[in-house]
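Position 1 is the first residue of the sequence; numbering continues from there.
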Amino acid sequence: QVQLVDTGGGLVQAGGSLRLSCVASGRTFTAYAMGWFRQAPGKEREFVAGITRSGAITSYADSVKGRFTISRDNSRNTVYLQMNGLKPEDTAVYYCAADKYGSSQLSSPGYWGQGTQVTVSS
């Protein structure tokens with residue numbers, strides 16, 4: 001079992017940057033593919049980015065490719081999402097997720113963070 005705490009959201013102007021962090025509890029962090037999802041008001045939760053257990057493979061939604069970068073530090077049980085070139089349509093609550101033995105696309109995440117709000121003003 002793993003518990004996730006995600007932080008780093010905030011209010012930023014269009015074109016700005018934010019870095020989200022997610023710290024996982026427990027000793028089995030390397031058993032989990034990690035990723036980020038987001039949910040905007042009135043919309044379904046959607047996949048944003050994912051990374052395999054070793055960090056060798058990453059996946060991104062088409063809408064964030066070239067702007068967002070996911071990474072992980074297994075020595076710190078932490079996964080990051082660097083978001084550059086933010087747009088108003090990136091406004092959402094962002095959730096960290098963990099998928100045990102999953103792929104970089106996190107098809108079945110079993111654990112979620114509490115969410116952190118990202119608001120991009122135009």
Side-chain angles (χ1 to χ4, degrees):
Q1 189 170 353
V2 64
Q3 291 183 325
L4 306 175
V5 178
D6 38 38
T7 59
L11 173 63
V12 64
Q13 289 187 334
S17 299
L18 282 174
R19 188 176 82 155
L20 306 183
S21 299
C22 173
V23 179
S25 64
R27 300 181 179 180
T28 59
F29 183 65
T30 52
Y32 295 87
M34 300 296 296
W36 294 91
F37 290 71
R38 68 186 181 187
Q39 187 167 20
K43 295 188 177 181
E44 293 187 353
R45 190 173 297 188
E46 64 175 358
F47 173 81
V48 175
I51 189 166
T52 52
R53 291 180 285 157
S54 68
I57 300 172
T58 57
S59 297
Y60 297 93
D62 288 343
S63 58
V64 307
K65 279 181 182 176
R67 301 188 297 122
F68 291 10
T69 303
I70 189 171
S71 61
R72 66 189 293 163
D73 184 342
N74 287 342
S75 69
R76 296 177 183 270
N77 281 17
T78 302
V79 62
Y80 304 97
L81 185 68
Q82 178 66 44
M83 305 186 293
N84 298 328
L86 283 161
K87 304 175 181 180
E89 51 264 43
D90 294 318
T91 295
V93 178
Y94 284 71
Y95 297 90
C96 176
D99 186 353
K100 195 168 187 180
Y101 303 125
S103 73
S104 62
Q105 296 179 334
L106 275 78
S107 58
S108 301
Y111 302 95
W112 297 90
Q114 81 283 3
T116 185
Q117 176 71 47
V118 171
T119 303
V120 185
S121 62
S122 58

The single option from V64, V93, V118 that satisfies side-chain contact (heavy atoms from CB on, under 4.5 Å) with R38 is V64
Do the side chains of I51 and Y80 join up, straight or via other hydrophobic residues, at under 4.5 Å, putting them in one cluster? no
Where do I70 and M34 come nearest, in terms of heavy atoms and distance? CD1-O, 3.9 Å
Within the supplied structure, the quantity of interest is the number of heavy atoms (other residues, nucleotides, ligands) at a distance under 6.0 Å from L11 CG; does it exceed 12? yes
Can you name the nearest heavy-atom pair linking S75 to D73, along with the distance? OG-OD1, 2.5 Å
Donor-acceptor check, side chain of S25 to backbone of V2, threshold 3.5 angstrom: yes or no? no
Per the side-chain hydrogen bond (donor to acceptor under 3.5 Å, both in side chains) rule, what does the pair list look like for residues 96-109, sequence neighbours excluded? S59-S104
Between Y95 and F47, is there shared hydrophobic-cluster membership here, with clusters defined by ILVMFWY side-chain heavy atoms closer than 4.5 Å? yes
Answer yes or no: is there a side-chain heavy-atom contact under 4.5 Å between Q82 and S17? yes
Salt bridge check: are D90 and K87 linked by an N-O gap of less than 4.0 Å? no
Give the C-alpha distance, both sets of side-chain angles, the deciding distance and a yes or no for side-chain contact (heavy atoms from CB on, under 4.5 Å) between V79 and C96. CA-CA 8 Å; V79 62; C96 176; 3.9 Å; yes
Quick check for you: to the nearest 0.5 Å, what is the distance between F29 atom CZ and L4 atom CG? 8.5 Å
G113 versus D6, closest heavy-atom pair with distance: CA-OD2, 3.4 Å
Name all residues meeting the side-chain hydrogen bond (donor to acceptor under 3.5 Å, both in side chains) criterion together with T91; count only those two or more places apart in sequence or in a different chain, and write none if there are none. none
Could you check, using the six-membered ring where one of them is a Trp, whether W112 and F37 have ring centers closer than 6.0 angstrom? yes
For the residue pair R72 and Y32, would you count it as a cation-pi contact if the rule is NZ or CZ under 6.0 angstrom from the ring centre and within 45 degrees of the ring axis? no
Do T116 side-chain atoms and G9 backbone N/O form a donor-acceptor pair below 3.5 Å? yes
Tell me the closest heavy-atom pair linking Y60 and F68, and the distance in Å. CE2-O, 3.3 Å
So do the side chains of L81 and V48 get within less than 4.5 Å of each other, counting heavy atoms only? yes
The reported gap from CE in M83 to CZ in R67 (rounded to nearest 0.5 angstrom) is 9.5 Å
Tightest non-hydrogen contact, residues T78 and S21, listed as CG2-CB, 4.5 Å
Considering all heavy atoms of both residues, which atom of L106 and which atom of G50 are nearest to each other, and what is their separation? CD1-CA, 4.0 Å
For atom CD of E46, is the number of surrounding heavy atoms from other residues, nucleotides or ligands below 6.0 Å larger than 12? yes
